[in-house]
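Each ligand, and each atom within it, is numbered from 1 in the order the structure gives. Worth knowing before you read on, the calculation uses all heavy atoms, side chains too, and leaves out hydrogens, waters and symmetry mates. Note that the structure is a prediction, hence the values are computed from the model and not measured.
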Amino acid sequence: MDIAFDRDHIWHPYTSTLHPLTCYPVSHAEGVHLYLEDGTALIDGMSSWWAAIHGYNHPVLNQAVTDQLSKMSHVMFGGITHEPAIALCKKLVEMTPQALEKVFLCDSGSISVEVALKMALQYWHAVGSPRAKFLTLRHGYHGDSFAAMSVTDPDNSMHKLYKGFLPEHIFADSPECGFFDEWVEEDISDFTSKLADNADQIAAVILEPIVQGAGGMRLYHPTFLKRVRELCDEFGVLLICDEIATGFGRTGKLFACEHAGITPDILCLGKALTGGYMTMAATLTTEHVANTVCGGEAGCFMHGPTFMGNPLASAVANASLSLLQQTPWQEKVAAIEANFAEILPPLKQLDCVKSVRWLGAIGVVETHTAVDVEKIQRHFVERGVWIRPFGKLVYVMPPYDISTAQLRQLVEAIESGLKSVM
Ligand SMILES: *Cc1c(COP(=O)(O)O)cnc(C)c1O
């Protein structure tokens with residue numbers, strides 16, 4: 001591979017063109033392993049950012065893509081429909097909470113968030129009392145496009161860089177009560193007062209249920225989410241749940257909302273939707289919201305991406321969801337969680353470690369100071385694992401098929417890596 005060309009011409013996520021970090025050349029992937037060009041096998045701790053829940057090069061998913069490819073890889077969705085999209089949406093309506101009945105397919109997670117926010121704005125416009133503010137939580141992450149970024153943590157996404165262009169929304173303190181902690185009612189107080197003070201301007205609350213991902217890997221108490229739903233009902237505000245990272249079993253429930261037994265008015269899905277094969281996302285809503293939006297001045301929802309409902313992506317998403325339904329994913333995720341509960345706590349003994357936490361197939365080690373990504377990643381690769389830390393967070397969310405021995409190898413590499421670089 002022409003690594004020099006890559007370094008000189010290709011932008012990678014959140015990486016400097018002046019001082020690029022090392023990029024490792026991957027030639028193929030199989031099961032829970034990524035293979036470097038020189039043949040090195042790495043146990044994948046990231047599922048390619050939450051997406052590859054079934055691992056790589058899966059025969060069932062490969063077959064779904066191949067079968068669809070020979071029929072039609074793409075066709076416009078305006079005025080046309082097709083079996084892969086119908087089968088996928090049927091499955092999504094079936095799997096998600098009962099009230100969510102209308103599915104909007106789109107290109108990526110960030111776009112599904114844009115779609116959700118636009119639905120909420122159009123809803124209030126149609127109702128005849130336009131509202132233009134969103135209430136969200138500090139340390140949240142909802143994507144990198146502008147509207148999604150405007151509800152992402154202001155410090156992490158450096159809102160000041162885009163001041164004057166970026167809409168300004170309302171941020172409540174993020175929950176302090178951890179998932180397994182005892183609930184403290186005070187945890188919801190800042191959220192409650194921000195909602196009460198601005199209710200008549202707020203179109204919707206948007207948040208990540210239970211797990212705040214890229215904004216800090218915080219795992220919070222289900223009662224917080226339950227209170228949010230109650231308060232949204234009390235103040236007549238829509239609730240958008242962004243399950244782009246948490247959806248499809250990652251937290252031990254099919255959807256993280258289930259931990260609190262709540263149903264949002266609008267739900268965003270992405271990442272693992274296609275089993276990590278290609279980009280696709282979905283925004284689901286209730287009949288009430290959809291029909292209100294379409295009963296308004298515009299007469300329809302004002303969005304329609306070129307590759308909406310792409311048949312290849314729909315086919316592989318449908319196959320991935322069937323595969324999930326047919327495998328005992330609850331047992332696999334519960335086994336991963338039980339392993340984390342055993343092997344993560346000893347890491348607290350390291351001086352550099354501030355805390356460890358876990359839920360479902362997510363394990364997190366937070367350090368006191370930022371880790372040197374270049375150095376620790378070299379260590380990880382030498383130890384045969386793929387883990388990509390950011391800031392003070394070294395975390396893993398492996399494919400569900402990872403074995404206990406492989407999971408231990410990931411956590412041992414984190415321990416030895418922290419010892420050698422911190
Ligand atoms: C990754 C992510 C997004 C953005 O999805 P993209 O596909 O990267 O645009 C939005 N919300 C959450 C919670 C995410 O984890």
Side-chain angles (χ1 to χ4, degrees), residues 11-15 45-53 96 104-120 134 136-154 156-157 169 171 174-175 204-220 225 228 239-251 253-257 259 264 266-284 303 305-308 310 313 316-317 320 359-362 364 388-391 393 395-398:
W11 238 309
H12 286 266
Y14 294 99
T15 302
M46 306 306 287
S47 299
S48 285
W49 280 336
W50 312 87
I53 52 174
T96 54
F104 190 98
L105 297 172
C106 58
D107 324 66
S108 70
S110 301
I111 301 301
S112 79
V113 170
E114 302 279 329
V115 163
L117 299 176
K118 282 174 73 172
M119 276 181 186
F134 292 96
T136 186
L137 303 177
R138 293 197 170 275
H139 295 290
Y141 179 79
H142 297 287
D144 291 347
S145 56
F146 273 102
M149 183 170 54
S150 74
V151 289
T152 286
D153 185 86
N156 282 332
S157 59
H169 296 302
F171 289 85
S174 48
V205 166
I206 177 168
L207 49 69
E208 297 153 278
I210 305 298
V211 179
Q212 293 192 288
M217 299 301 295
R218 299 162 67 98
L219 317 171
Y220 66 85
L225 185 57
V228 167
L239 174 59
I240 302 168
C241 282
D242 176 350
E243 293 237 19
I244 292 165
T246 50
F248 307 112
R250 179 59 65 182
T251 68
K253 302 278 188 194
L254 195 52
F255 300 103
C257 284
H259 288 288
I266 303 175
L267 173 70
C268 298
L269 299 173
K271 289 200 164 109
L273 176 61
T274 64
Y277 265 56
M278 51 191 91
T279 179
M280 181 181 236
T283 309
L284 283 88
H303 207 98
T306 307
F307 287 94
M308 186 169 183
N310 175 260
V316 73
S320 175
L359 177 67
I362 307 165
V364 185
R388 175 88 176 165
F390 70 83
L393 297 162
Y395 62 105
V396 287
M397 59 285 196

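By the ring-ring contact (aromatic ring centres under 6.0 Å, His included) test, H169 is found to be paired with F134, residues two or more places apart in sequence or in another chain being considered.
Formation of a donor-acceptor pair under 3.5 Å by the S112 side chain with backbone atoms of C268 is not found in this model. A donor-acceptor pair is defined here as one N or O able to donate and one able to accept, closer than 3.5 Å; such a pair exists between the side chain of E208 and the backbone of Y141. Between the side chain of T152 and the main chain of A148, a donor-acceptor pair closer than 3.5 Å is present. Put simply, the side chain of S47 never gets that close to the backbone of A51: no donor and acceptor are under 3.5 Å apart.
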Provide, line by line, the atom pairs where ligand 1 and the protein bring an N/O atom each to a distance under 3.5 Å; else say none.
| from | atom 1 | to | atom 2 | distance (Å) |
| --- | --- | --- | --- | --- |
| ligand 1 | 5 (O) | S110 | N | 3.4 |
| ligand 1 | 7 (O) | G109 | N | 2.9 |
| ligand 1 | 9 (O) | S110 | N | 2.7 |
| ligand 1 | 9 (O) | S110 | OG | 2.6 |
| ligand 1 | 11 (N) | D242 | OD1 | 3.4 |
| ligand 1 | 11 (N) | D242 | OD2 | 2.7 |
| ligand 1 | 15 (O) | K271 | NZ | 2.6 |

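Q212 is listed as a side-chain neighbour of P175, based on a closest heavy-atom distance under 4.5 Å.
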